[in-house]
Each structure stands twice: as C-alpha cells, then as structure tokens.
K.L.:
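Take this structure, written in structure tokens, and hold onto it; I'll ask about it next.
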Protein chains: 2
Amino acid sequence: MSHEYEFPRAALTVDCVVFGLDDEDLKVLLIERDLPPFEGRWALPGGFVRLDETLDDAARRELCEETGLERVYLEQLYTFGDLDRDPRERVVTVAYYALVRLSDHRVQAATDARQAAWFAIDDLPRLAFDHERILAMAHERLRGKVRYQPIGFELLPPKFALRQLQHLYEVILDRPLDKRNFRKKILAMDILVELDEVETDVAHRAARLYRFDKTKYRRLTKQGFNFEI
Amino acid sequence: MSHEYEFPRAALTVDCVVFGLDDEDLKVLLIERDLPPFEGRWALPGGFVRLDETLDDAARRELCEETGLERVYLEQLYTFGDLDRDPRERVVTVAYYALVRLSDHRVQAATDARQAAWFAIDDLPRLAFDHERILAMAHERLRGKVRYQPIGFELLPPKFALRQLQHLYEVILDRPLDKRNFRKKILAMDILVELDEVETDVAHRAARLYRFDKTKYRRLTKQGFNFEI
DNA sequence: ATCATTAGTGTAGTTACAACACGAAGGGAG
DNA sequence: CTCCCTTCGTGTTGTAACTACACTAATGAT
C-alpha cells in the first residue's frame with residue numbers, strides 16, 4: 001500500500017541517547033546497525049515515527065525494540081533537521097535522552113541491530129549520521145540539568161549510599177566535590193530518606209543507604225525550592 | 001504533482017512564539033488565521049517545512065512571510081507531536097521562540113493571515129490548535145533562560161538605560177528587583193559598555209545609556225562564567 | 001592482631017546576598 | 001525664575017551560604 005501527498009514530506013524519526021552509570025563511568029547505549037546506510041556502524045537507537053503514536057511513544061517503542069529497555073526516564077532533547085543528515089532522503093529526527101539504572105536492566109539487541117552495547121562517554125566509536133552531534137548535545141543537557149534538578153537518581157539503584165550519589169555528580173559534572181560539603185547540601189535539601197540498611201558485600205566499612213523521596217521532592221518543587229548542587 | 005511513499009507520513013510544520021517588550025508588558029505576536037481550520041482564530045505564526053530548507057530556515061521564512069519580521073533572535077523550543085493536534089491529519093510541529101525589539105520592527109500581516117498583532121502575555125485570546133500549550137512552554141523557557149543567560153538584550157534597543165533592563169527582568173521574572181542590587185550585579189558581570197550618551201525626550205533626569213558587549217560576553221562564557229540574576 | 005579502606009563528622013574564614021534611603025539632576029508648570 | 005515632580009545614581013550592614021580542610025570510627029581482608 002502506498003500513500004500520496006500533494007507536497008513532498010520529510011521522513012520523521014526518533015533517536016534516543018541512553019545514559020547509564022556504573023562504578024567508573026558515565027556510559028551510553030549504542031547499537032550496531034544491521035542495515036544500510038551506515039551498515040556495521042554504531043548509532044543511537046531509534047527509528048521511524050508511526051502515525052498512530054506520539055513522539056514519546058515512538059521513542060519508547062524504538063528503545064524497547066532495539067535494546068529491550070522499558071520504563072526508563074525519558075525526555076525530549078532537540079529536533080535535528082539538517083538537509084543532509086541522511087544520505088537517502090530528507091529525514092528529521094526528534095532526539096530524546098534517557099536515564100537508566102545499569103544494574104536494573106539487561107540489554108539485548110533486537111530489530112535492525114546486530115548488537116547493543118554500552119560505551120564510556122569519553123571512549124566512543126565513530127557514529128552513523130549526525131549522531132555524534134546529538135550525543136554531544138545530550139551530554140551537555142544532562143550536565144546542565146543535573147545541576148539544578150535531581151534527575152540523577154534515575155541513574156542509581158533505588159537504595160544507594162551517599163558516596164554513589166556523589167560519584168554520580170562527579171562523573172557527570174566532571175569535577176571533584178568535597179565530601180562533607182556535598183553531604184551537607186544534599187541532606188539539607190530534604191529529599192532523601194535515610195534507611196535502616198547499610199551496604200553489603202563491600203570490603204570496608206559499610207555505608208548507610210538512602211532512597212530518593214519523590215513526594216517530598218515534588219512538594220518542594222511546588223514551593224519554588226532550589227536544588228542546585 | 002503528487003508524492004508517494006511506502007508508509008504514511010506526518011506533515012511537518014514550524015510555529016514561532018515571538019516575544020516583544022514595550023514600556024509596560026511582555027507581548028506576544030499572533031496572527032489571525034485566514035484559512036480553515038480555526039479560520040478567524042488567533043494563532044502562532046508558522047507553516048509547513050519545505051524539503052529544501054532546514055527547520056531554522058523554515059521558521060525564519062514563515063515568520064517573515066506572515067509577519068514581516070527578519071533577523072530576529074530565534075531558538076528551538078520543543079517539538080509537539082500529539083495525535084490530535086490538528087483536526088485534518090497528523091501534524092508534528094517544531095516550535096521556536098523568538099525575541100524582537102518592538103521598537104525596531106514594524107509588523108505587517110501577509111500570507112495566510114488576515115492580520116498580525118501584539119498581545120500582552122497575560123491578556124491573550126483563545127488560540128488555535130494546541131498553541132496555548134506551546135505558548136505557555138515558551139514563556140516558561142524564557143523565564144528560565146533569562147535568569148542565567150543574558151538573552152534579554154535581544155528585546156531592548158541597542159542603546160538602553162539600566163532602568164529599561166531592570167524593567168525587562170521584572171516583567172519576565174514577574175517580581176520586583178532592588179534597583180541598587182540589580183545595578184551592582186549587572187555591572188559586575190562586565191558585559192555592558194557605558195556610553196557617552198544619555199536618554200533624550202524624557203520628562204525627568206536623563207539616564208546614562210549602555211550597550212551590551214557581545215564580545216565580552218562570549219569571552220566570559222568560555223571561561224565558564226555565571227550570569228545568574 | 002594488624003592493615004587497608006571507606007564512613008562519617010564540625011569549624012572558621014570568606015564571599016555573596018538582601019534590605020534599605022536620600023541628595024542631585026533635569027524638565028514642566030506657573 | 002522658582003517650585004515641583006520624577007527619576008537618576010550611589011554604600012553600608014547584617015545575614016546566609018559557600019569553601020576549604022583532617023581526623024576518628026568501623027569493618028573486612030590477611
């Protein structure tokens with residue numbers, strides 16, 4: 001079945017920059033393309049938007065199809081519409097970025113992808129299309145956003161030690177933070193709940209675990225509270 | 001001539017939220033639609049993206065065609081792709097916001113528009129499509145952005161008094177600012193040049209005029225300087 | 001028992017911020 | 001010319017927030 005229009009139309013796609021965090025680095029999820037163009041190259045997961053789904057839905061669907069990830073934090077980033085982004089024809093892509101807990105999710109390649117894999121953000125392969133530009137913008141946005149909104153929790157397990165949280169900020173902001181000042185500040189925000197649990201399986205003194213309290217956070221947000229780190 | 005595709009495609013448009021500032025209010029430029037759907041309703045200027053122009057180019061072209069505005073500050077806002085935005089068919093729109101000096105630009109209606117007019121931001125008519133939502137997001141973005149980036153100068157004439165600048169911040173942030181503190185802060189940023197001129201045609205003591213120094217601003221930006229108000 | 005590693009805590013100096021009032025300049029009205 | 005009205009332009013002080021910084025306690029590994 002074919003579809004006719006009076007004027008030519010651009011193809012519309014979504015692409016996702018998926019960030020994850022492990023004990024060392026900030027990582028990004030890429031897929032190896034199994035189809036031309038750029039067959040064999042690494043690229044951001046993504047694909048065509050269908051007419052019966054919103055842009056957000058399309059992003060979630062493609063992410064699930066190509067990497068198996070579901071229920072992640074997802075936010076629109078920017079729309080890229082340069083004329084020569086895709087060698088085949090005019091393609092406009094709505095880019096998203098996602099934050100996932102690496103521990104939670106097992107990643108698997110699927111549709112249109114030979115494999116999916118995590119790459120450290122400062123050790124990336126060459127990417128297909130203009131995906132390097134998209135990824136750079138996503139990284140910048142994450143750095144900017146994490147400073148005044150506590151979205152970083154999306155990258156941590158539900159229960160975490162303050163050291164892990166500090167490490168997250170240090171990795172994303174790419175600068176060291178003072179332990180005592182960091183603790184003071186983050187605890188003063190009153191968005192963490194101290195749990196009656198400590199870390200296990202660590203070869204040293206175990207740290208107290210905390211969880212992020214979304215309810216408190218939302219209440220404070222409404223009061224115009226400032227979460228700057 | 002008609003165009004055929006294997007899969008159905010959404011139509012792609014751009015819409016612009018144009019902000020202007022006069023002596024009282026923050027204003028928005030709207031056009032009265034001359035065609036269905038929503039004929040006779042006020043709407044954001046915008047239209048279809050052609051295949052031989054980037055999204056930014058499309059936004060500038062539509063803005064010029066429908067309102068006569070050229071060479072304005074323009075920045076992508078967000079892309080809206082809900083299923084029922086347009087009663088005719090699936091239309092995805094890339095929204096932009098623009099800042100213009102009201103004094104500089106004479107506005108005139110043109111293509112597809114009966115007329116173009118400025119509306120105070122808190123005295124708006126009902127709008128076509130989901131344009132109220134787009135406008136609300138643009139307003140929020142402007143408020144957020146003006147606090148840490150000196151984009152507000154785009155709304156002022158090239159030479160301005162500090163009172164005008166303060167008034168701009170007060171209107172956008174919707175709260176009064178202390179005159180002395182404001183002056184101290186903005187002058188300490190070292191992005192303004194004091195001119196050897198004063199206001200004319202005012203019925204009271206004339207204020208010293210300043211201009212924004214883009215070069216200084218860019219130099220400081222590279223040094224990671226903070227422009228928070 | 002000792003060692004290695006990380007947890008957890010307080011203070012003092014410095015800087016940034018908010019609050020606040022008045023004399024001087026200049027145009028307009030009489 | 002004088003008076004009046006409006007806006008310009010300027011400093012200080014108390015308070016809150018930020019930075020820099022070092023040691024003891026806990027725990028697992030050897």
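Here is the naming used below: chain letters follow the sequence lines, and residue numbers restart at 1 for every chain.
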K.L.:
Provide, to the nearest angstrom, the distance between the CZ atom belonging to A:Phe182 and the P atom belonging to C:dT9.
P.N.:
15 Å

K.L.:
For a side chain to side chain contact (heavy atoms under 4.5 Å, CB included) with B:Tyr210, tell me which candidate from B:Leu187, B:Leu195, B:Leu165, B:Val193 qualifies.
P.N.:
B:Leu187

K.L.:
Using atom types as modelled and distance alone, determine if a side-chain donor or acceptor of B:Gln166 lies under 3.5 Å from a backbone N or O of B:Arg163.
P.N.:
no

K.L.:
Classify the nucleic acid contact of A:Arg183 as base, sugar-phosphate or nothing, counting any heavy atom under 4.0 Å across all strands shown.
P.N.:
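Base contact.
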
K.L.:
At the 4.0 Å heavy-atom cut-off to chain B, mark where contacts on DNA chain D begin and end, going 5' to 3'.
P.N.:
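Under 4.0 Å from chain B, the extent on DNA chain D is D:dT6 to D:dT12.
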
K.L.:
CD1 of B:Ile229 versus C1' of C:dA18: gap in Å, rounded?
P.N.:
15 Å

K.L.:
Roughly, in whole Å, what's the span from CG in A:Asn181 to P in C:dG13?
P.N.:
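Whole-Å distance recorded here is 16 Å.
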
K.L.:
Which of parallel (below 30°), tilted (30 to 60°) and perpendicular (above 60°) describes B:Phe212 and B:Tyr217?
P.N.:
tilted

K.L.:
Taking atom CD1 of A:Ile229 and atom CZ of A:Phe182, what is their separation to the nearest 0.5 Å?
P.N.:
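Spacing of CD1 (A:Ile229) from CZ (A:Phe182) equals 5.0 Å.
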
K.L.:
Look at the aromatic rings of B:Phe19 and B:Tyr97 and report parallel, tilted or perpendicular, splitting at 30° and 60°.
P.N.:
perpendicular

K.L.:
Taking all non-hydrogen atoms of both residues, which atom of A:Arg143 and which atom of A:Leu173 are closest, and how far apart?
P.N.:
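Closest approach of A:Arg143 to A:Leu173, heavy atoms only: O-CD2, 3.8 Å.
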
K.L.:
Please give, in whole Å, the distance from C:dT9 P to A:Asp178 CG?
P.N.:
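So the two atoms are 14 Å apart, to the nearest Å.
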
K.L.:
If you assign B:Arg180 and B:Ala206 each to the DNA chain C nucleotide with the nearest heavy atom, which residue ends up on the more 5' nucleotide?
P.N.:
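Going by which nucleotide is closer to the 5' end, it is B:Arg180.
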
K.L.:
Check every strand shown and say whether B:Lys179 touches a base, only sugar-phosphate, or nothing at a heavy-atom separation below 4.0 Å.
P.N.:
base

K.L.:
Starting at NZ of B:Lys185 and ending at P of C:dT15, how long is that distance when rounded to a whole Å?
P.N.:
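Checked: the NZ to P distance equals 17 Å.
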
K.L.:
Between the base of C:dA7 and the side chain of A:Arg205, is there a donor-acceptor distance below 3.5 Å?
P.N.:
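Answer is yes: a donor-acceptor pair is held.
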
K.L.:
Could you check how far CZ of A:Phe160 sits from P of C:dA7, rounded to whole Å?
P.N.:
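Result: 14 Å.
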
K.L.:
Once the angle between the rings of B:Tyr148 and A:Tyr148 is folded into 0 to 90°, is it parallel (under 30°), tilted (30 to 60°) or perpendicular (over 60°)?
P.N.:
tilted

K.L.:
Rounded off to whole Å, could you give me the NE2-to-P distance for the A:His167 and C:dA7 pair?
P.N.:
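The answer, rounded to whole Å, is 12 Å.
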
K.L.:
If you assign A:Lys184 and A:Arg208 each to the DNA chain C nucleotide with the nearest heavy atom, which residue ends up on the more 5' nucleotide?
P.N.:
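Of the two residues, A:Arg208 wins.
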
